[in-house]
2 protein chains.
Amino acid sequence: MPTIKDVAKAAGCSTATVSRALATPEKVSDATRKRVNQAIAQVGYSPNIAARNLRRAESKTIVALLPDISNPFFSEIISGMEDVAHQAGYQILIGDCEHDPARAEAYFRLLSTNQADGIVLLTSEIPRALVKQADKQADFPLVMACEFFSDIDLPLIAIDNHQASCQAIDYLVSLGHQRIATLSGPAHNPICQERNRGYRDTLAAHQLSSEARIAEGNFGFRSGYQQGLALLEGKTARPTAIFCHSDEMAVGVLKAARQLGISVPDQLSVVGFDNIGLSEYCDPELTTISQPRNEIGQQAMQLLLHLLRGEQPIRHQTLSSHLIVRKSTGRLKP
Amino acid sequence: MPTIKDVAKAAGCSTATVSRALATPEKVSDATRKRVNQAIAQVGYSPNIAARNLRRAESKTIVALLPDISNPFFSEIISGMEDVAHQAGYQILIGDCEHDPARAEAYFRLLSTNQADGIVLLTSEIPRALVKQADKQADFPLVMACEFFSDIDLPLIAIDNHQASCQAIDYLVSLGHQRIATLSGPAHNPICQERNRGYRDTLAAHQLSSEARIAEGNFGFRSGYQQGLALLEGKTARPTAIFCHSDEMAVGVLKAARQLGISVPDQLSVVGFDNIGLSEYCDPELTTISQPRNEIGQQAMQLLLHLLRGEQPIRHQTLSSHLIVRKSTGRLKP
DNA sequence: CTGAAAGCGCTTACAG
DNA sequence: CTGAAAGCGCTTACAG
C-alpha cells in the first residue's frame with residue numbers, strides 16, 4: 001500500500017503539503033494541489049485511517065446499541081442513522097446486546113479505547129450503572145432513541161408513547177369496546193410503562209378502570225401467542241379488544257384467537273405497535289401505530305453529531321406517531 | 001485517558017515491558033507481571049486500540065456485507081458470526097448495501113484503508129468487478145455465505161440449494177400436485193438459478209416438465225403478493241402449489257390466495273424458504289425449508305479466520321437444510 | 001503557501 | 001527477563 005510519503009515523493013513536495021491538500025485544500029496553491037492530486041491518482045493512494053484516527057484522537061465510528069438485531073423494527077431506524085452518519089463521514093457499528101449485559105459493556109468500552117466516538121442507545125435493557133457512569137463523563141456523547149430511562153435524563157428522540165397509547169385505546173372505545181386488555185412489553189421498560197399509563201388514563205376517562213387488565217410479554221411472536229391464549233381462554237369475562245405493544249405480539253395474538261375459534265375483528269379487535277412490513281400481510285391486516293422510524297434514526301444521529309461538535313442542541317425531541325386503521329379492529333358482531 | 005507510559009511509570013518498568021505483559025505474559029517474570037497488572041488497575045488503563053492497530057497493521061474488524069438489513073433471515077447468521085468473531089477478538093461491522101453499488105464499494109474500500117481485515121459476503125448483488133479485483137489481491141480475505149457467484153470461485157459456506165429445491169418439489173409431487181409453480185427470487189441470482197434448476201430437474205423426473213412455470217420476485221412480502229395474484233388469477237390452468245424462494249414471499253402468496261378466495265392448503269399448497277420466525281405464526285403455518293443459519297454464520301467466520309491466519313482451510317462447505325412440514329401444504333380437496 | 005519536526009500510543013527486533 | 005530505540009502513517013503548530 002502506498003503511503004503519504006510515496007505521494008509526497010511523486011508530487012515533489014512534503015508529506016505535510018499532501019496532508020493539507022487533502023484536509024484543507026484551500027490552504028494549498030492551485031498548482032501544488034493539482035500535482036498532489038495527480039500523484040495520488042498515479043500511485044493509487046488512500047489514507048490509512050487508523051493512523052489518521054490515532055493522530056486526531058477520533059474514530060469516526062458511532063455505535064448503535066440494539067436489544068436484538070432480529071427485531072425488524074430497528075432496521076429502518078438504522079437506515080436513517082446511516083444516511084446522516086455517512087454524509088458526515090461517520091460509520092455505524094451495530095451493537096447487538098442480545099439481552100447480555102457483558103455485550104453492552106463491551107460496546108461501551110469501545111468509547112474509552114477510542115474505537116468509537118459516540119453511542120446511540122436504542123434499548124433500556126442494559127446495566128444502568130454503565131449509563132450513569134458514562135453520563136457523568138463530559139466526553140461521552142450518548143443519545144437515546146425510542147427508549148429511555150425514567151431516572152436518567154439523556155438526550156432523546158422518541159414519540160410520545162403515552163399519547164400513542166391513548167389514541168389506540170380511544171379508538172377502541174369509540175368502536176364500542178369496554179373490556180380492553182393490554183399486552184405490554186416488559187413491565188420494567190419505561191416506554192411500556194408510558195403506554196400502560198396512557199391505557200389506564202384513557203380507561204379512567206371513560207369510566208372503565210375496573211376493566212383494566214395488563215398481560216406482560218417480551219415483544220416477540222411467541223410471547224404474543226402465549227399471553228394471547230392466557231387472555232382469551234380465561235374463565236373470566238374475555239376481553240373484546242387487545243392492545244399490543246408490538247406487531248409481532250399482535251400477530252401472536254391473532255394465532256391464539258384463531259386457535260380458540262375467536263374471529264378477528266368480529267369477536268375480537270387487535271391493535272399492534274410499530275407498523276412493521278408484516279402488518280400489511282398478516283390475516284387480518286393489522287391496525288397499528290406507526291412510528292416515523294427513518295426520521296427517528298436521522299434525528300438521533302443528527303443530535304449526536306451536534307454533541308460531537310461540542311454544540312448545545314435541543315436535547316429532547318418528540319416526533320409524531322399515528323394510528324393506521326386496517327382490518328384487525330371493528331365493532332363487535334353478535 | 002492514561003496511556004501505556006503512565007502504567008510503565010506506576011509499575012516502575014519500561015513501556016515495552018507493559019506491552020509484553022499484555023501481549024505475551026509468559027515472556028515476563030511473575031513479579032513484574034504482577035506489578036504491571038496492579039499498575040494497570042491503579043491508573044485505570046485500557047490500551048488505545050487505534051494505536052495498536054496502526055502498529056500491527058490490522059483492524060480486528062470484519063465486514064458482513066448484506067443486501068438488506070431489514071430481512072430477518074440475516075440476523076441469526078450475524079449472530080453466529082459474532083459469537084466466533086468476538087471470541088477471536090474481532091468485531092463485526094454490518095454493511096447494509098441496500099442494493100446500492102456505491103455502498104458496497106465503500107465497504108470494500110475499508111479493506112484498503114486498513115479499517116477492516118476481511119469481508120463475509122452475504123449477497124451476490126454487488127458489482128462483480130469489485131469482487132474480481134479483490135479476489136486477485138492476495139491480502140484480501142473474502143468469504144461468501146449462502147450466496148455465491150457462478151463465475152467467481154470464492155471460499156463458500158452454504159446449503160445445497162439445488163437439493164433443497166428438489167426436496168420441496170418432490171414433496172409436493174408426493175402430495176399429488178402436478179401444476180407446481182415457482183416464485184423465484186431475482187432471476188440473475190445464482191442461488192435462485194440453482195433452486196430453479198432443482199425445480200426443473202424434479203419436474204422432469206416426474207414427466208411434468210410441461211407444467212413448469214416460474215415467476216420472479218425479490219424475496220419481499222409485496223412481490224410475493226403481486227406475483228401470487230398474477231399466478232393465481234390467470235386464465236390458464238391455475239397452479240395447485242407454489243414453491244417460494246423466501247418465507248416473506250410465501251406469506252405474500254397467502255394473502256393473494258385469501259383475497260382470491262382460494263383456500264390453503266385445500267386448494268393451494270404453499271412452500272416457503274428460510275424458516276424465519278414468522279413462518280410459525282402466519283395462517284396457515286408455513287411449510288418451509290430451514291437453513292442452519294447460526295451455523296452458517298459461525299462457519300463462515302471460522303473460515304475467514306483461517307484465511308486471516310494464512311492457513312489453507314477447506315474452501316467450500318455445504319451444510320444441510322431440511323424441509324419443515326407445517327400446515328400450508330396438503331393434498332388437494334375437491 | 002510550504003517544510004522540518006514533533007508526536008499520537010503502541011509494538012517489536014535487537015542487544016544485553 | 002528487560003530496556004532503549006525505531007517506527008507504524010498520519011497531522012499540525014511553528015517558523016519562514
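Just so we're on the same page: letters track the sequence lines, and every chain starts at 1.
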Go through the structure and list residues passing ring pair (Phe, Tyr, Trp, His ring centres under 6.0 Å) with F140(B), not counting sequence neighbours.
F108(B)
Please list all pairs meeting salt bridge (Lys or Arg N to Asp or Glu O under 4.0 Å) that have one or both residues in residues 91-101 of chain B, counting only residues at least two apart or in different chains.
E98(B)-R103(B)
Using the salt bridge (Lys or Arg N to Asp or Glu O under 4.0 Å) rule, collect all pairs that involve residues 63-80 of chain B, keeping only residues at least two apart or in two chains.
E76(B)-R293(B)
Which letter, B, S or -, goes with each nucleotide of nucleotides 6-13 of chain D from 5' to 3', with contact meaning a protein heavy atom under 4.0 Å?
BBBBBBBB
Dot-bracket for DNA chain C: what is it, with Watson-Crick or G-U pairs under 3.5 Å, [ ] where a pair crosses earlier ones, and | for a pair to another strand?
|||.||||||||.|||
Does the pair K9(A)/D6(A) count as a salt bridge with the N-to-O cut at 4.0 Å?
no
Would you say a side-chain N or O of S14(A) is under 4.0 Å from OP1 or OP2 of dG3(C)?
yes
Could I get the full list of ring pair (Phe, Tyr, Trp, His ring centres under 6.0 Å) partners for F74(B), not counting sequence neighbours?
none
What I want to check is whether the side chains of Q299(B) and E295(B) have a donor and an acceptor closer together than 3.5 Å.
yes
Between P on dT2(C) and CD on E26(A), what's the gap in Å once rounded to a whole number?
13 Å
Flag for T123(A)-E125(A): side-chain donor and acceptor within less than 3.5 Å:
no
No-hydrogen, no-angle side-chain donor-acceptor test under 3.5 Å, N189(B) and E147(B)
yes
